[in-house]
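One-based numbering along the sequence shown.
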Amino acid sequence: MSSQPGNQHSAEFTTADLRIYLLGPPGVEWAGRTLPIPRRQARALLYRLAARLRPVPREHLCFLFWPDTAESTAHRHLSHLLTHLRRALPDPGVLLDSDDQVGLDPQRAWSDTVAFEQLCAVDLYRGPFLAGFSLPDSPEFEAWATQERYAWERLYLEALAALIEESAARGEHDAAIAHAQRYLETDDLAEDVHRRLIELYAAAGHRSAALRQFERCAVILERELGVSPLPQTRAVYQAILADQPPPRPVARPAWMTLPGLDVPLVGRDEALRSLERAYARAKAGQGGVVLISGEAGIGKSRLMQEFATRLEDQTIILVGAGHPAAQTTPYQPIIHALRAVLSRGAEEPRSRGEDFSPAPLLPRSLAQIWLAEASRLLPELRAMYPDLPPPLPAEPDEARSRLFEALCQIVLGLATSPLLLFLRSAQDFG
């Protein structure tokens, strides 16, 4: 892992005839010169093929671009689109086409996504996947691009997080600070990174910068989420104010990015009793759904947190939230909740204190067909299960039904013991 492209990247960069840039505003080059591809849909096809530089089934491409079209017609459209793409390429031989798959010659094509995945060179990340490019008449392509955008951003942030700690371990505080600042440019709601940056500023002797960073963190959390910094963040701030070493970090559950518990919950006794009765019924095998509704700012999240805190040692807790910027992503709150498990290698702590109990792994009995379907929205599943088959081709209504069922199966698979799934509406961020 590095913050600069390495020698391997340079070699790939210079030997490939066709180079496709997808991380940031997309672009295409041939032999070092910009290659114009007039048709937007042909560019979209090229971007799809370049994302992984692996052959893509024709059925998948047909569904991606023409989900509501009869199969035979969609295949005919794909043949026409491939013809347009071949004509735009100086050498059509770089496009590999068979009866059932389409791809780019990996010996002659290079993409920044593949190079980034192989090398973790964060300087290859110029911005969100396909920034500024859209295909409004192809909702399935838009959904795919959104999934890819989240996946590549997550990989980028994971690489930066590793670089922060690597630099800090070597005593290179300025480098660690630069990586943390870059992380927050992409995700300024990451309170743990704000806290780490505060600690790094203090370690480098920049006390005023550390204090300003806490203030900036507090403003962002209040403006965007309506919450205040966590107690451990405030503890770091107070230590720096008193010219004392920051306290030793203690791991905390990820769902604690909710309002703090330092103020007693008042006037919600009956609501808490209702939630406790619903939980008792669920333990008895009568699971159900509880809606907590009301105007923004009246304490819905605070009530949710208080209830969950009482049950941390008794049950599995998953928390997902929608966000206005991602309202076009299907099932976003559920994906957010499941991603918290997957991104931590299914080791999400669910109790406070020194000892933590790991959250359950996805059960081995979970059918591959459901994992394959869910990988449409959770592409990290394919990294966890490299042998997953591609999702089965289907008409739009059937595909949506399968995706819904797949997510249900994964949630049910986690429920080997009592499970609480909290989903927060995107409107709560308004």
Output yes when a side-chain donor or acceptor of [X] lies under 3.5 Å from a complementary backbone atom of [Y], and no otherwise.
| X | Y | answer |
| --- | --- | --- |
| Ser111 | Ala50 | yes |
| Arg43 | Ile37 | yes |
| Thr113 | Ala51 | yes |
| Asp17 | Trp30 | no |
| Arg234 | Pro229 | yes |
| Arg58 | Ser98 | yes |
| His194 | Asp188 | yes |
| Glu191 | Thr233 | no |
| Glu142 | Leu135 | yes |

How about [atom1] on [X], more than 12 heavy atoms from neighbouring residues, nucleotides or ligands closer than 6.0 Å, or not?
| X | atom1 | answer |
| --- | --- | --- |
| Arg170 | CZ | yes |
| Arg126 | CZ | yes |
| Phe133 | CZ | yes |
| Glu215 | CD | yes |

Ring centroids only, cut at 6.0 angstrom: are Tyr21 and Trp110 within range, meaning strictly under it?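 Centroid separation for Tyr21 and Trp110: below 6.0 Å.
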Please confirm whether the ring centroid of Phe129 lies under 6.0 Å from the ring centroid of Trp144.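 Under 6.0 Å, so yes.
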Taking C-beta and beyond as the side chain, do [X] and [Y] meet within less than 4.5 Å on heavy atoms?
| X | Y | answer |
| --- | --- | --- |
| Leu95 | Leu49 | yes |
| Leu184 | Gln213 | yes |
| Ile164 | Leu200 | yes |
| Ile20 | Leu104 | yes |
| Leu45 | Phe65 | yes |
| Val102 | Val56 | no |
| Tyr47 | Val28 | yes |
| Leu96 | Pro55 | no |

Tell me every residue that passes ring pair (Phe, Tyr, Trp, His ring centres under 6.0 Å) with Phe116, counting only those two or more places apart in sequence or in another chain.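 For Phe116 there are no ring pair (Phe, Tyr, Trp, His ring centres under 6.0 Å) partners, ignoring immediate neighbours.
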Under the ring pair (Phe, Tyr, Trp, His ring centres under 6.0 Å) test, residues paired with His80 that sit two or more places apart: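 With sequence neighbours excluded, His80 shows a ring pair (Phe, Tyr, Trp, His ring centres under 6.0 Å) to no residue whatsoever.
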Should Glu148 and Arg52 count as an ion pair when the cut-off is N to O under 4.0 Å?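 Yes, this pair counts.
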Specify the closest pair of heavy atoms between [X] and [Y], including all atoms of both residues, with the distance to one decimal.
| X | Y | result |
| --- | --- | --- |
| Trp370 | Arg402 | CZ3-O, 3.9 Å |
| Cys62 | Leu78 | SG-CD2, 4.0 Å |
| Trp152 | Tyr125 | O-CE1, 3.9 Å |
| Glu117 | Leu155 | CA-CD2, 4.2 Å |
| Leu85 | Ala42 | CD1-O, 4.0 Å |
| Arg40 | Ser134 | NH1-O, 2.8 Å |

For Gln409 and Glu405, does a side-chain donor sit closer than 3.5 Å to a side-chain acceptor?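 The criterion, which ignores hydrogens and geometry beyond distance, is satisfied for Glu405 and Gln409.
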To the nearest 0.5 Å, what is the distance between [atom1] ([X]) and [atom2] ([Y])?
| X | Y | atom1 | atom2 | result |
| --- | --- | --- | --- | --- |
| Glu59 | Glu71 | CD | CD | 6.5 Å |
| Leu61 | His77 | CG | NE2 | 14.0 Å |
| His179 | Leu163 | NE2 | CG | 4.5 Å |
| Asp192 | Leu197 | CG | CG | 11.5 Å |
| Asp187 | Glu153 | CG | CD | 6.5 Å |
| Asp112 | Leu124 | CG | CG | 6.5 Å |

Arg48 vs His60, test: side-chain contact (heavy atoms from CB on, under 4.5 Å). Steps then yes/no. CA-CA 11 Å; Arg48 176 61 187 90; His60 170 80; 3.1 Å; yes
I'd like to know whether Arg182 forms a side-chain contact (heavy atoms from CB on, under 4.5 Å) with Tyr156, so could you lay out the CA-CA distance, the side-chain angles of the two residues, the decisive distance to 0.1 Å, and finally the verdict. CA-CA 10 Å; Arg182 189 167 180 175; Tyr156 169 64; 2.8 Å; yes
Using side-chain contact (heavy atoms from CB on, under 4.5 Å), reason through Asp68 and Glu140 one step at a time and then give a plain yes or no. CA-CA 10 Å; Asp68 300 321; Glu140 294 298 335; over 6 Å; no
Go through the structure and list residues passing side-chain contact (heavy atoms from CB on, under 4.5 Å) with Pro92, not counting sequence neighbours.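 Testing Pro92 for side-chain contact (heavy atoms from CB on, under 4.5 Å), a comparison that skips the adjacent residues, returns Arg86.
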Look at the aromatic rings of Phe214 and Tyr237 and report parallel, tilted or perpendicular, splitting at 30° and 60°.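 If you compare the ring of Phe214 with that of Tyr237, the planes turn out parallel.
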Take Glu199 and Arg196, measure what salt bridge (Lys or Arg N to Asp or Glu O under 4.0 Å) needs, and give me the verdict at the end. CA-CA 5 Å; Glu199 295 168 344; Arg196 191 70 178 103; 3.3 Å; yes
